[in-house]
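Below, read A as the first sequence line, B as the second, and so on, with proteins coming before strands; counting in each chain starts at 1.
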Amino acid sequence: MKQILQSLLDTAVNDMIKDAGLSNDLPEYTIETPNNPEHGDFATNVAMKSAGIFRKKPIDIANDIVSRLKHPMIMSAGAVMPGFINFSIDSGFYHDLVKKAATDDSLFKSSIGEGRKVMVEFVSANPTGPLHIGHGRNAAYGDSLAKIMTAAGYDVHTEYYVNDAGNQMNNLGKSIYARYMELSGKEFAFPEDGYHGQYIIDIAQELFNEHGEDLAQMPDAQGTDVCFKKGLHDIKENIADTLKNFNVDIELYFSENSLYENGDVPSSLEYLKERGFVFEKDGALWFRSTEFGDDKDRVVKRSNGDYTYFASDIAYHKNKFDRGFMTVIDVWGADHHGYVKRLSSAIDAIGYEDREFQVSLIQMVNLVNAGERVSMSTRAGSFIELDELIKEVGNDAARYFYTMRDYEAQFDFDIALAKKREYDNPVFYIQYAHARVQSVLRKAKEDNIEYELCSGLEKLKSKEELEIIKKIYDYINVLEQSARNRQPHRIGYYLQELASMFHSYYFNNKMLNGDDKDLTSARVTLAVAVGNTIRNGLALLGVGAPDRM
RNA sequence: GCGCUCAUAGCUCAGCUGGAUAGAGCAACGGACUUCUAAUCCGUAGGUCGAAGGUUCGAAUCCUCCUGAGCGCGCCA
């Protein structure tokens, strides 16, 4: 419908430009669905946007445009001050929409992505311990974004970057080894930056059960290595399990260490060196990020010979582009924002000009428990695990809560509240709307009430019914906005509104009317259309749509 | 000190890249179950969009300057 209007308007305005003897391009304008029903089904600001071209009052232009529009879909069109044009649409077109929404999923998919290859890299938490509540937001966001962009026609691939190289891995090995030695009654200094969580002790205990005191007999370096390998393996597995339980799809766990093993790190630095962006100073290797507006140049290889984390990140992102991704989206915690300029500089230096790099900085989750603030540090071991949260509040509620708010705003996750609110929660409200639809279908079957899907639709003519259909049609708009702006939270708000409209409609109107087959058919079709919309929307958020509750 | 993000109803937050009378949920108050699930619905109340300027037909939205909160500024990751 919108496309039809747009092409009608484009033609009308183009004709007017020609008639006026001008050669301007069309102005950018919007066609939207007004919140105020008195403003019709659609409204456009094209006349106001054209005021500069024609040097006339917007209202006069609007009237001129209206006089040029003719189409069976348009029941009426009118120009109002200060220059909006409002349209009312013939209800037959709405009935076609319900039919579509009730029978297939084509209304819930968009093609604005045009098959563009996109990588979303997210979570990427260091494999030094289980995921905690802070990671949950990143995981929920990234997964929903990927699902949304897929529905919007992008070719999306998801990845988790595993930082299985560098100092922290040494610390992990030593931490486990120290705990192991404790169990063996021996001493090994616990590393200063070691990890204190219970899971470290658990891993050590497993090693002890498995090997007895064998590891204590080895040289420390060798024992530490065994501990490290076991620790990394177990922690990675734990993280992958948690994400799977959280309904998060990661297509590939990409190992940082693999970039060292195959030589990508030095070779990508060499590549930048050839292009003149890497130089030597004070015995270290530097990347000239000031060239791209960064505050200072950054070290990529330390004077002691170690590569920095930044170096492997350069290699990783070059690798992403080399694999043909046109858009690369990184989902990071907001505390890493100081790192954005550095990496985007390096990507500029790599020089794939047709590519796009974006970072979504997920704001902090402040953990609150009954008013008391809980700090979350992996090292101190005082964090609440994501697993625990999922167990407490359920996967659906957790996923929904995390993506309920704009990722750019920080929010307090009050655990006590989340536990308590189980039945007082927007996600259940939405799911209940879906379950109600299924319940109607079950009831019809039980009572042998006859109806025919997609027939009798001319009965759908009340204001309430047409509003719901318009809302269903608005889904595609929300999906596209959500994908474009990388804002999954819009979906949740939309679903809440749709569910609310349906609950109200359901309460005031009987879906099943045994004596009136046409009316029953029409209303059941509308209900099914709503149910399908909700199921599709919830799926984007990683939330299930149960048939009964 | 420099940089990033945020500030909207009592609370938690939306507000569709500048549109028409700023919206929801929770909390508060008043109503609706002989019903396809009351996990629902209907109504009432609640606002100087942090403050001040600017840009234009039009600003919660864009610009400048303040105020306040969070985070970041390493040859760590």
Nucleotide nearest A:N477 (side chain, heavy atoms from C-beta), chosen from B:U40, B:G15, B:C16: B:C16
Rounded at 0.5 Å granularity, tell me how far [atom1] in [X] sits from [atom2] in [Y].
| X | Y | atom1 | atom2 | result |
| --- | --- | --- | --- | --- |
| A:L259 | A:Y307 | CG | OH | 12.0 Å |
| A:T403 | A:Q487 | OG1 | CD | 12.5 Å |
| A:M501 | A:I472 | CE | CD1 | 9.0 Å |

Check this for me, if you would: do [X] and [Y] make a salt bridge, where the nitrogen-to-carboxylate-oxygen distance has to be below 4.0 angstrom?
| X | Y | result |
| --- | --- | --- |
| A:R298 | A:D294 | yes |
| A:K471 | A:E497 | yes |
| A:D306 | A:K301 | no |

Base B:C71 paired with A:H337 side chain (donor-acceptor, <3.5 Å):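 It does, because a donor-acceptor pair links the side chain of A:H337 to the base of B:C71 below 3.5 Å.
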Side-chain donor/acceptor contact of A:N508 with base of B:C41 under 3.5 Å: no
Side-chain N or O of A:S504 closer than 4.0 Å to phosphate OP1/OP2 of B:C42: yes
side-chain N/O A:Y493 vs B:U12 OP1/OP2, d < 4.0 Å: no
Runs of at least three Watson-Crick or G-U pairs with RNA chain B, cut-off 3.5 Å: B:1-5 with B:69-73, B:10-13 with B:23-26, B:28-32 with B:40-44, B:52-54 with B:62-64
Just to be sure I understand the rule, does [X] reach a base, reach only the sugar-phosphate, or reach nothing, if contact means heavy atoms closer than 4.0 Å?
| X | value |
| --- | --- |
| A:F411 | sugar-phosphate |
| A:H489 | sugar-phosphate |
| A:N509 | base |
| A:F310 | nothing |

For nucleotides [N] and [M], find the distance between their [atom1] atoms and express it as a whole number of Å.
| N | M | atom1 | value |
| --- | --- | --- | --- |
| B:C6 | B:C62 | P | 9 Å |
| B:G10 | B:G47 | C1' | 12 Å |
| B:U12 | B:U64 | C1' | 31 Å |
| B:A27 | B:G46 | C1' | 11 Å |
| B:C16 | B:U55 | C1' | 23 Å |
| B:U56 | B:G23 | P | 28 Å |
| B:C29 | B:G18 | C1' | 38 Å |
| B:A22 | B:G50 | P | 15 Å |

Atom-to-atom span, [atom1] of [X] to [atom2] of [N] - whole angstrom:
| X | N | atom1 | atom2 | value |
| --- | --- | --- | --- | --- |
| A:K443 | B:C36 | NZ | P | 5 Å |
| A:Y307 | B:C76 | OH | P | 15 Å |
| A:M404 | B:C26 | CE | C1' | 10 Å |
| A:L526 | B:C36 | CG | C1' | 15 Å |
| A:D474 | B:C16 | CG | C1' | 8 Å |
| A:Y339 | B:A77 | OH | P | 9 Å |
| A:N425 | B:C13 | CG | C1' | 14 Å |
| A:E497 | B:G15 | CD | P | 11 Å |

Do the ring planes of [X] and [Y] sit parallel (below 30°), tilted (30 to 60°) or perpendicular (above 60°)?
| X | Y | value |
| --- | --- | --- |
| A:H489 | A:Y493 | perpendicular |
| A:Y339 | A:F310 | perpendicular |
| A:Y141 | A:Y407 | tilted |
| A:Y473 | A:F42 | perpendicular |

Along RNA chain B (nearest heavy atom to each residue), the more 5'-positioned of A:Y506 and A:Q363: A:Q363
Any donor-acceptor N/O pair, A:S504 side chain to A:S500 backbone, under 3.5 Å: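 A pair under 3.5 Å: no.
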Test item: A:S144 side-chain N/O and A:P488 main-chain N/O as donor-acceptor pair under 3.5 Å: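 Flag not set: sc A:S144 to bb A:P488 has no pair under 3.5 Å.
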Shortest non-hydrogen contact from A:F401 toward A:R405: O-NH1, 4.0 Å
Per-nucleotide protein contact string for nucleotides 17-22 of chain B (B base, S sugar-phosphate only, - none; heavy atom under 4.0 Å): B-BBB-
Base of B:A77 and ring of A:H336 stacked, centres under 5.5 Å, planes under 30°: yes
For nucleotides 73-75 of chain B, which of its nitrogen or oxygen atoms have a protein nitrogen or oxygen under 3.5 Å away, and what is each distance?
from, atom 1, to, atom 2, distance (Å)
B:C75, O2, A:S303, N, 2.9
B:C75, O2, A:S303, OG, 3.0
B:C75, N3, A:S303, OG, 3.2
B:C75, N4, A:D282, O, 3.1

Pair A:F254 and A:Y160, ring centroids less than 6.0 Å apart: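 Not under 6.0 Å, so no.
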